[in-house]
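The structure appears below as structure tokens.
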Amino acid sequence: QVQLVESGGGLVQPGGSLRLSCAASGFPLNAYSIGWFRQAPGKEREGVSCLSSSGGRTYYADSVKGRFTISRDNAKSTVYLQLNSLKPEDTAIYFCARVTGWFGRCGFSTVGYDYWGQGTQVTVSS
């Protein structure tokens with residue numbers, strides 16, 4: 001069955017870095033676009049980044065552009081999100097999700113995703 005499992009979260013000081021992983025199974029990763037979302041306490045889930053199924057296009061929310069980088073390792077069936085220059089406002093639970101449908105387009109609406117991981121906590125604090 002389809003599974004997405006996130007890992008790599010933790011506590012980091014402002015300005016620090018983390019690399020989140022999203023291990024995918026049960027489907028061909030190179031046929032699906034994968035997105036990263038985050039949800040802070042009391043806030044709605046928001047799109048952070050997305051990688052197209054071909055791996056050739058990346059998308060970022062304005063709030064993370066230039067600081068976060070999304071990438072994929074097909075051999076490991078894993079999508080990564082590198083978080084650099086972290087700020088306290090980046091604190092949230094981070095989720096990866098699969099865009100609905102083969103070769104579906106990236107987007108930042110949660111409606112366009114059919115499978116989600118359980119999330120990994122990122123806390124940025126001194």
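Below, all heavy atoms of this structure are taken into account, side chains as well, without hydrogens, waters or symmetry copies.
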Inset, instruction - Keeping the roles fixed (side chain from Thr91, backbone from Val124), state whether a donor-acceptor pair exists under 3.5 Å. - result: yes
Legend entry - Residues that Gln39 engages under side-chain contact (heavy atoms from CB on, under 4.5 Å), provided they are two or more places apart: Arg45, Phe95
Legend entry - Residue pair Thr110 / Trp116, side-chain heavy-atom distance below 4.5 Å: yes
Inset, instruction - For the residue pair Thr123 and Ser125, confirm or rule out a side-chain donor-acceptor distance under 3.5 Å. - result: no
Legend entry - Side chain Ser33, main chain Gly104, donor-acceptor under 3.5 Å: yes
Legend entry - NZ/Lys43: more than 12 non-hydrogen atoms of other groups inside 6.0 Å: no
Legend entry - Partners passing side-chain contact (heavy atoms from CB on, under 4.5 Å) against Tyr32 (at least two apart in sequence or in another chain): Phe27, Pro28, Arg98, Trp102
Inset, instruction - Applying side-chain hydrogen bond (donor to acceptor under 3.5 Å, both in side chains), name anything that partners Gln3, two or more places apart in sequence or on another chain. - result: none
Legend entry - Gap between atom OH of Tyr115 and atom CG of Leu4 - 0.5 Å precision: 9.5 Å
Inset, instruction - Kindly check if the number of other-residue, nucleotide or ligand heavy atoms within 6.0 Å of CD (Glu44) is above 12? - result: no
Inset, instruction - Quick one: pull up OG in Ser77 and CZ in Arg72 and give me the separation to the nearest 0.5 Å. - result: 9.0 Å
Legend entry - Under 3.5 Å: donor-acceptor pair, side chain of Arg67, backbone of Ser63: yes
Legend entry - Heavy-atom pair of closest approach, residues Ser85 and Ser17: N-OG, 4.3 Å
Legend entry - Any donor-acceptor N/O pair, Glu6 side chain to Gln118 backbone, under 3.5 Å: yes
Inset, instruction - Over all heavy atoms of both residues, which pair between Asn30 and Phe103 is shortest? Give the atoms and the distance, please. - result: O-CE2, 4.0 Å
Legend entry - Passing option when Leu81 is tested against Leu51, Val64, Val48, Val122 for side-chain contact (heavy atoms from CB on, under 4.5 Å): Val48
Inset, instruction - Kindly state each residue pair satisfying disulfide bond (SG atoms under 2.5 Å apart) with at least one member in residues 8-48, sequence neighbours excluded. - result: Cys22-Cys96
Inset, instruction - Verify whether one side chain among Asp73 and Thr78 offers a donor that lies under 3.5 Å from an acceptor in the other. - result: no
Inset, instruction - Any chance you could measure Lys65, atom NZ, to Thr58, atom OG1, to the nearest 0.5 Å? - result: 9.5 Å
Legend entry - Shortest non-hydrogen contact between Ile93 and Gly119, atoms and distance: CG2-CA, 3.8 Å
Legend entry - Centroid-centroid distance, Tyr113 to Phe37, less than 6.0 Å: yes
Legend entry - Euclidean distance, Arg38 CZ relative to Leu83 CG, rounded to 0.5 Å: 8.0 Å
Legend entry - Partner of Leu18 under side-chain contact (heavy atoms from CB on, under 4.5 Å), chosen from Thr120, Leu11, Val12: Val12
Legend entry - Ser7 backbone acceptor or donor facing Ser21 side chain under 3.5 Å: no
Legend entry - Cationic N near anionic O, under 4.0 Å, Lys87 to Asp90: no
Inset, instruction - Hey, could you give me each pair passing ring-ring contact (aromatic ring centres under 6.0 Å, His included) that has a residue in residues 60-91? Not counting sequence neighbours. - result: none
Inset, instruction - Any disulfide bond (SG atoms under 2.5 Å apart) involving residues 29-63? Give me the pairs, sequence neighbours left out, ordered by first then second residue. - result: Cys50-Cys106
